[in-house]
Protein chains: 2
Amino acid sequence: MARTSGSFSDITGPKIRAAALRLFARHGYAAVSMRQIAGEVGVQAGALYNYIPDKQSLLFDLLKGHMDELLAERADNHLTGSPTTRLEDFTRFHIRFHHMRKDAVFISYMELRNLTEENFALIEALRSRYENDLQTILEAGRASGDFTLSDAKVSARAIIAMLTGVNTWFREDGRLKLAEVEQIYWQMVQNLVASRG
Amino acid sequence: MARTSGSFSDITGPKIRAAALRLFARHGYAAVSMRQIAGEVGVQAGALYNYIPDKQSLLFDLLKGHMDELLAERADNHLTGSPTTRLEDFTRFHIRFHHMRKDAVFISYMELRNLTEENFALIEALRSRYENDLQTILEAGRASGDFTLSDAKVSARAIIAMLTGVNTWFREDGRLKLAEVEQIYWQMVQNLVASRG
DNA sequence: GTCTATATTACGATAGAC
DNA sequence: GTCTATCGTAATATAGAC
């Protein structure tokens, strides 16, 4: 049966998303052209429009997909136990997940301003749910006397910023293994919320 | 004496830098055109090239200027006293300085990838000096027994990420005043490095 | 020092052949 | 479903008049 010239598989759509994710993370949304993305995929620029309506939708799909996966995998994590156990789960999950999804994490922080207003609101709502998840854990720990916090919302934001910061410096071939980094950060998080003796 | 049509002052250069800083922070380096910058300043695009050789140099000058100011103002801070005092100074200085320089801070994190390789190395060296400054304080505190840390470099990075994160959510008209935020974060930093009783 | 005008290149997106 | 070709627009940067 006839194959049209450039068609090697039925996964052009996912390949477009993967190429865009990598290029946006490396050079930034505005700096990447549709021709560059097409070049990575191995098609001509016009062919992209069989899969996406426009460039903006492509960006939104990437960010939306990332947030959906974050919340879904987080939900798979066990969410019961003492506040300390739940906080440790959150800490280790956050570091591991964000390490595995570096490109998506990067553009999720960098390219929010390139979303339309309503697309931004949708992403922001998802991000907020993740943050509230941590805040709930912190408040449970305060109620049980396990944690001491002056402001659970601020603490949640501080912890997330601290943990996400790992992505800016950690390298696979560096001085520390990821498991060690995870342990160091968990110790710091424990200190941060510690009830003082 | 004759004035050429569009010339209202002798500070076109600084005005260009100010306009570029604001526009780059708002829309991103790649998304901002020289015509937009010129429009903000009140000149035509061609006139910008009397002040800057090209767009890339403009970005580098902004980032370099920001890092120079950060290190200079940090040096004006008093750098003596106990490790705890010096850590408190660093914490409060970081929050205040980064709050006053939101746009510059933003592009300093976002637009590093748009620098040429050598320009990036120059900025990275300055950023590293700032980080080492904090690391030195932490090591002094560990040596004196005031702090407990498993890894001073990781702790320095974690603290800086945590403090810089304030910029992503703090609003002047929000629930908390900046002085309160400063206090909450200083408490968290103290916990983070605390020697456990 | 700024203007107007322009050279050159590239962009996002679309049309129609196959 | 992808190709080639192209439309309409806008980009950085430069040249020369004033």
Side-chain angles (χ1 to χ4, degrees), chain A residues 1-63 107 111 113-116 119, chain B residues 1-63 107 111 113-116 119:
Chain A
M1 54 214 255
R3 268 227 178 267
T4 52
S5 58
S7 177
F8 280 86
S9 71
D10 294 333
I11 55 160
T12 303
K15 279 171 74 177
I16 290 170
R17 291 165 53 92
L21 181 65
R22 203 158 47 78
L23 288 170
F24 289 168
R26 196 108 64 203
H27 308 291
Y29 171 76
V32 172
S33 70
M34 299 302 274
R35 285 170 177 79
Q36 271 179 279
I37 297 170
E40 288 276 310
V41 174
V43 297
Q44 291 301 312
L48 300 179
Y49 293 88
N50 291 318
Y51 299 92
I52 54 159
D54 52 38
K55 195 183 176 188
Q56 154 79 201
S57 300
L58 179 53
L59 175 62
F60 175 69
D61 285 349
L62 292 174
L63 297 196
I107 67 170
E111 309 293 357
R113 61 192 168 182
N114 284 310
L115 294 174
T116 61
N119 281 348
Chain B
M1 53 217 257
R3 267 223 179 271
T4 52
S5 57
S7 177
F8 281 86
S9 72
D10 294 333
I11 55 160
T12 303
K15 280 171 73 178
I16 290 170
R17 290 165 52 92
L21 181 65
R22 202 159 47 80
L23 287 170
F24 288 167
R26 195 109 63 203
H27 308 291
Y29 170 77
V32 172
S33 71
M34 298 303 272
R35 282 173 179 79
Q36 274 178 277
I37 298 170
E40 289 276 309
V41 175
V43 298
Q44 292 300 312
L48 300 179
Y49 293 89
N50 291 318
Y51 298 91
I52 54 158
D54 52 37
K55 196 184 176 188
Q56 154 78 202
S57 300
L58 179 53
L59 175 62
F60 174 70
D61 285 350
L62 291 174
L63 298 196
I107 68 170
E111 307 295 356
R113 61 194 167 178
N114 285 308
L115 293 175
T116 61
N119 280 349

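Per chain, numbering begins at 1; letters A, B, ... match sequence-line order. Just so you know, these numbers use all the heavy atoms, side chains as well, and skip hydrogens, waters and symmetry mates.
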Inset, instruction - Using only side-chain N and O atoms of B/T12, determine if any of them is under 4.0 Å from OP1 or OP2 of C/dT2. - result: yes
Inset, instruction - Look at all strands and tell whether B/V32 reaches a base, only sugar-phosphate, or nothing, counting heavy atoms closer than 4.0 Å. - result: sugar-phosphate
Legend entry - B/E40 side-chain N/O to B/A19 backbone N/O, donor-acceptor pair under 3.5 Å: no
Inset, instruction - Measure from CD1 on A/I16 to P on D/dG1 and round the result to the nearest Å. - result: 11 Å
Inset, instruction - State which of D/dT4, C/dA13, D/dA13 makes the closest approach to the side chain of A/D54. - result: C/dA13
Legend entry - A/R26 side chain to B/R113 backbone, donor-acceptor under 3.5 Å: no
Legend entry - Donor-acceptor contact below 3.5 Å, side chain A/Q56 vs main chain A/N114: yes
Inset, instruction - Return the nearest nucleotide to the side chain of A/Y51; candidates are C/dG1, D/dG1, C/dC3. - result: D/dG1
Legend entry - Spacing of B/I37 atom CD1 relative to D/dA11 atom P, expressed in whole Å: 11 Å
Legend entry - Shortest non-hydrogen contact between B/V32 and B/L23, atoms and distance: CG2-O, 3.4 Å
Inset, instruction - Could you check which of D/dC3, C/dG12, C/dT4 has an atom nearest any side-chain atom of A/R35? - result: C/dG12
Legend entry - Nucleotide of D/dA13, C/dC3, C/dA13 approaching A/K55 most closely (side-chain heavy atoms): C/dA13
Inset, instruction - Select one nucleotide: of C/dT2, C/dG12, D/dT2, the one nearest the side-chain heavy atoms of A/A47. - result: D/dT2
Legend entry - Nearest-Å distance for atom pair NZ/C1', residues A/K15 and D/dG1: 13 Å
Inset, instruction - Give the rounded distance in Å between these two atoms: CD1 of A/I52 and P of C/dT14. - result: 11 Å
Inset, instruction - Round to the nearest Å and state the distance from A/Q44 atom CD to C/dT14 atom P. - result: 17 Å
Inset, instruction - Return the nearest nucleotide to the side chain of B/N50; candidates are D/dT6, C/dG1, D/dA13. - result: C/dG1
Legend entry - A/Y49 side chain, from C-beta outward: closest of C/dG12, C/dT2, D/dC3: C/dG12
Legend entry - Under-4.0 Å side-chain N/O to phosphate OP1/OP2 contact, B/S33 with D/dA10: no
